Colleague: 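This is the structure I have questions about; it appears just below.
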2 protein chains.
Amino acid sequence: MSAVQKHDVFQAIADPTRREILKLLSEKELPISEITSHFPMSRTAVAKHLQILSEAELVCGRKVGREKRFRLHPGPLSELKEWLSYYEQFWTNKLSILTHVVESQPESGD
Amino acid sequence: MSAVQKHDVFQAIADPTRREILKLLSEKELPISEITSHFPMSRTAVAKHLQILSEAELVCGRKVGREKRFRLHPGPLSELKEWLSYYEQFWTNKLSILTHVVESQPESGD
DNA sequence: GGTTTATGAAACCAATTGGTTTCGCTTTTG
DNA sequence: CAAAAGCGAAACCAATTGGTTTCATAAACC
């Protein structure tokens with residue numbers, strides 16, 4: 001398979017298992033078998049999650065001896081943060097929400 | 001079906017169409033047919049996306065005459081923001097990343 | 001009242017997802 | 001060298017996803 005980015009960050013973090021994996025890797029670099037020991041599923045399943053996270057470039061793996069160690073690569077989360085920042089005006093600033101609501105009351109005064 | 005929250009925020013925003021819908025609704029309240037006109041898919045498909053967004057409580061709809069108008073309800077995005085904030089230490093603070101990397105070099109004498 | 005507009009609900013479908021098991025290869029270790 | 005550990009790849013599977021079409025209902029309009 002080529003390095004086509006089949007999965008993006010939004011898809012990658014949609015799965016709770018993958019979010020847990022990210023959290024594990026945020027503490028330290030870990031090999032697949034180690035990661036697997038934290039989940040009630042097979043190594044193959046975990047490896048697939050890791051591949052999806054790799055495609056989104058949220059983790060990167062390197063081979064050390066017979067094991068492959070993964071580490072967190074949080075950079076792409078900035079895309080998420082940027083996306084979020086657009087919506088912050090609608091909920092951190094209550095005034096904006098109010099304006100927003102008021103503006104959307106065309107003929108509801110039945 | 002009861003009102004069990006089948007879809008969470010992470011799943012809801014995983015789909016690009018749903019993210020576009022959110023953006024549309026951030027500008028103003030819109031009925032389903034209006035939203036549909038922005039996408040190359042059927043009204044039914046859009047309605048399903050709206051239901052998923054509703055389950056995640058990212059939008060809420062109210063009936064006005066024969067149409068159902070949806071509006072953005074950005075509150076649940078705070079969950080996303082919280083989740084993100086945990087990882088910010090790993091990428092906004094380059095020093096942390098460095099520490100993180102250095103700590104994970106047990107026998108990698110490549 | 002009948003037609004159009006807006007929607008809801010259901011049946012259906014192909015592709016994707018998230019999991020499994022099996023097999024083979026490489027590296028470490030006794 | 002042989003066995004075990006760690007992994008990759010492939011075949012397979014059920015459930016979910018993202019879309020469709022069809023049909024029925026409610027409201028608006030002439």
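As a basis for the values below, the full set of heavy atoms in this structure was taken, side chains included, without hydrogen atoms, waters or symmetry mates. In this text, all values refer to a predicted model and were calculated from it rather than measured experimentally. Lettering follows sequence order; numbering is per chain, from 1.
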Colleague: It should be established whether His7(B) places a side-chain nitrogen or oxygen under 4.0 Å from OP1 or OP2 of nucleotide dT16(D).
Modeller: no
Colleague: Can you identify which nucleotide, out of dA6(C), dC7(D), dT17(D), has its nearest atom closest to the Ser33(A) side chain?
Modeller: dC7(D)
Colleague: Would you say His49(A) places a side-chain N or O within less than 4.0 Å of OP1 or OP2 belonging to dG19(C)?
Modeller: yes
Colleague: Which of the following nucleotides, dT20(C), dG8(D), dG19(D), is nearest to the side chain of Ala45(A)?
Modeller: dT20(C)
Colleague: For Trp83(B) and Tyr87(B), take the angle between the two ring planes, folded into 0 to 90°, and tell me which bin it lands in: parallel under 30, tilted 30 to 60, perpendicular over 60.
Modeller: tilted
Colleague: Side chain of Lys48(A) only, please: which of dG19(C), dT7(C), dT22(D) is the nearest?
Modeller: dG19(C)
Colleague: Over how many whole Å does the gap from Ile32(B) atom CD1 to dT7(C) atom C1' extend?
Modeller: 6 Å
Colleague: How many Å lie between CD on Glu55(B) and C1' on dT17(D), as a whole number?
Modeller: 13 Å
Colleague: Specify the closest pair of heavy atoms between Ala14(A) and Phe10(B), including all atoms of both residues, with the distance to one decimal.
Modeller: CB-O, 3.8 Å
Colleague: With a 4.5 Å limit on heavy-atom distance, are the side chains of Ile13(A) and Leu80(B) in contact?
Modeller: yes
Colleague: Please state how far atom CZ in Arg69(A) lies from atom C1' in dG6(D), giving the value in whole angstrom units.
Modeller: 12 Å
Colleague: Ignoring the backbone of Arg43(A), work out which of dT20(C), dT7(C), dC7(D) is nearest its side chain.
Modeller: dC7(D)
Colleague: So, is Ser42(A) near the phosphate of dT20(C), with a side-chain N or O under 4.0 Å from OP1 or OP2?
Modeller: yes
Colleague: Leu53(A) CG to dG18(C) P: how many Å, rounded?
Modeller: 11 Å
Colleague: 5'-most contact on DNA chain C: Arg66(A) or Arg66(B), nearest heavy atom basis?
Modeller: Arg66(B)
Colleague: In whole angstroms, how far is the P atom of dG18(C) from the CZ atom of Arg19(A)?
Modeller: 11 Å
Colleague: Side chains of Leu30(A) and Phe70(A): does their closest heavy-atom pair fall under 4.5 Å?
Modeller: no
Colleague: What nucleotide, of dC7(D), dT22(D), dG18(C), holds the atom closest to the side chain of Asp15(A)?
Modeller: dG18(C)
Colleague: Measure from CG on Leu50(B) to P on dT17(D) and round the result to the nearest Å.
Modeller: 16 Å
Colleague: Name the closest nucleotide to the Gln11(B) side chain, picking from dG18(C), dT17(D), dC7(D).
Modeller: dT17(D)
Colleague: Quick test of your reading of the model: are Arg69(B) and Glu34(B) salt-bridged, counting only N-O distances below 4.0 Å?
Modeller: no
Colleague: Between Lys63(B) and Glu34(A), just flag the one whose closest nucleotide in DNA chain D comes earlier from the 5' side.
Modeller: Glu34(A)
Colleague: Which residue in the set Arg19(B), Arg18(B), Glu20(B) passes side chain to side chain contact (heavy atoms under 4.5 Å, CB included) when paired with Pro16(B)?
Modeller: Arg19(B)
Colleague: Whole Å only: how far is the CE atom of Met41(A) from the P atom of dA14(D)?
Modeller: 19 Å
Colleague: How many Å lie between CD on Gln51(B) and C1' on dG19(D), as a whole number?
Modeller: 15 Å
Colleague: When you measure from the side-chain N and O atoms of Lys68(A) to the phosphate of dG6(D), is any distance below 4.0 Å, counting only OP1 and OP2?
Modeller: no
Colleague: Can you tell which of dA10(D), dG19(C), dG18(D) lies closest to the side chain of Thr44(A)?
Modeller: dA10(D)
